[in-house]
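Working notes, beginning with the structure itself.
Throughout, a chain's letter reflects where its sequence line sits, starting with A, and its residues are numbered from 1.
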Protein chains: 2
Amino acid sequence: MQLLATGGLPNFSTTKVAKLAGIPQSNLYIYFQNKQDLLNAVYQTTVHEESVAVVAALTPQSDLTTQLATSITALYDFARQRPQVVATVQALTADAQFKHQLTLKQADQENQQIQALIQRGVAEHVLRPVDLNLLRYFLTQPVFHFASGVTNAQYADTPTSRQQLTTMLMAAILTTPAFTDWQAHNAH
Amino acid sequence: MQLLATGGLPNFSTTKVAKLAGIPQSNLYIYFQNKQDLLNAVYQTTVHEESVAVVAALTPQSDLTTQLATSITALYDFARQRPQVVATVQALTADAQFKHQLTLKQADQENQQIQALIQRGVAEHVLRPVDLNLLRYFLTQPVFHFASGVTNAQYADTPTSRQQLTTMLMAAILTTPAFTDWQAHNAH
């Protein structure tokens with residue numbers, strides 16, 4: 001994580017991992033078949049940690065729209081608390097072609113739960129009928145951008161600015177009726 | 001551009017630039033004071049090329065909302081035609097702290113023109129009253145993401161999918177009345 005978050009993927013090597021861990025490089029291969037296998041493991045772990053943080057905040061008794069808004073807030077809090085985890089996921093997914101090679105275990109229940117929420121949203125016409133990956137992009141990347149901007153004092157961290165971000169994202173992903181509905185119940 | 005687009009900023013060095021250009025490293029310093037100066041020049045050039053492509057598509061006689069939608073379409077076309085330019089800008093701006101050190105000449109008239117359009121949008125209550133950088137983020141990053149996804153065959157490149165992206169972004173940045181208005185005039 002430290003290497004990926006700081007230097008990005010092009011700068012990553014198992015040599016550097018071994019050096020930083022203070023072990024012979026050959027020992028790495030006891031745990032991981034190769035570099036790709038190691039990167040997959042980092043990807044699993046970081047996405048899982050992110051998903052657990054989001055799912056923990058969800059209240060299954062709430063309606064779908066509320067849960068989507070909650071997922072944005074929860075992810076923002078996570079990004080502020082664990083910037084290195086987020087930077088690692090960003091480093092691993094920055095290159096679309098490389099991202100394609102990464103695999104997530106179907107067994108990541110929390111991640112599957114978020115995916116199911118989005119699928120349900122599309123089926124129930126709450127979310128726009130676009131590619132699920134595009135919806136997921138909107139639910140994550142602008143949140144990370146905003147959180148990193150706050151960390152770097154480029155964006156103000158006020159209840160209003162956070163609320164505005166959520167509103168922008170909800171407007172992007174929700175169908176017009178669902179957004180109007182959500183706005184009516186969240187007047188402020 | 002080639003080095004930044006492929007290897008990102010952490011992997012960039014003036015040694016590599018000189019090698020790729022086939023000139024002694026010392027010669028680089030005839031043109032650029034130091035590495036930061038060189039990166040600034042790359043940033044200027046790439047952002048300028050991007051801005052020129054967007055501004056060329058704008059029709060000043062159209063209303064502000066139409067121009068914003070046009071800027072999204074124009075940027076998408078640009079990203080599809082010039083992926084290396086976009087990847088370079090992405091590489092330079094991925095790290096928020098580094099981005100802060102980059103400077104753009106006030107003399108970049110095309111870039112200033114886009115900035116002025118956004119400022120006017122906020123003043124006229126067409127755009128949400130959020131940080132200008134956040135508005136600019138929405139007008140660029142998701143477009144680049146979508147374009148790179150299309151290039152990698154992860155997203156479909158159809159008039160519908162492109163229109164949906166524009167709608168999502170317009171919903172994110174426009175105030176509710178402005179979005180409703182725009183939708184009414186763009187029923188399809």
Group every Ile, Leu, Val, Met, Phe, Trp and Tyr by side-chain heavy-atom contacts under 4.5 Å, then state whether A/Val54 and A/Val52 land in the same group.
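In one cluster with A/Val54: A/Val52, no.
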Short of 3.5 Å, which donor-acceptor contacts do chain A and chain B share? List atoms and distances.
residue	atom	partner	partner atom	Å
A/His100	ND1	B/Gln154	NE2	2.8
A/Pro129	O	B/Gln164	NE2	3.2
A/Asn133	O	B/Tyr155	OH	3.4
A/Leu134	N	B/Tyr155	OH	3.3
A/Tyr137	OH	B/Gln141	O	3.4
A/Gln141	O	B/Tyr137	OH	3.4
A/Gln154	NE2	B/His100	ND1	2.8
A/Tyr155	OH	B/Asn133	O	3.4
A/Tyr155	OH	B/Leu134	N	3.3
A/Gln164	NE2	B/Pro129	O	3.2

Partner set under side-chain contact (heavy atoms from CB on, under 4.5 Å) for A/Ala91, not counting sequence neighbours:
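side-chain contact (heavy atoms from CB on, under 4.5 Å) check on A/Ala91 returns A/Leu4.
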Can you tell me how far CG of B/Leu165 sits from CZ of A/Phe138, rounded to the nearest 0.5 angstrom?
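Rounded to the nearest 0.5 Å, the CZ-CG separation comes to 5.5 Å.
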Please classify the contact of A/Ile173 with chain B as side chain, backbone, both or neither, using a heavy-atom distance under 4.5 Å.
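Answer is both: backbone and side chain atoms of A/Ile173 are under 4.5 Å from chain B.
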Among B/Gly8, B/Pro142, B/Gly149, B/Pro129, which residue forms the greatest number of heavy-atom pairs with chain A at distances under 4.5 Å?
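Answer, by heavy-atom pair count under 4.5 Å with chain A: B/Pro142.
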Distance-minimising heavy-atom pair for A/Ala172 and B/Ala172:
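Smallest heavy-atom distance, with atoms named: CB-CB, 4.1 Å.
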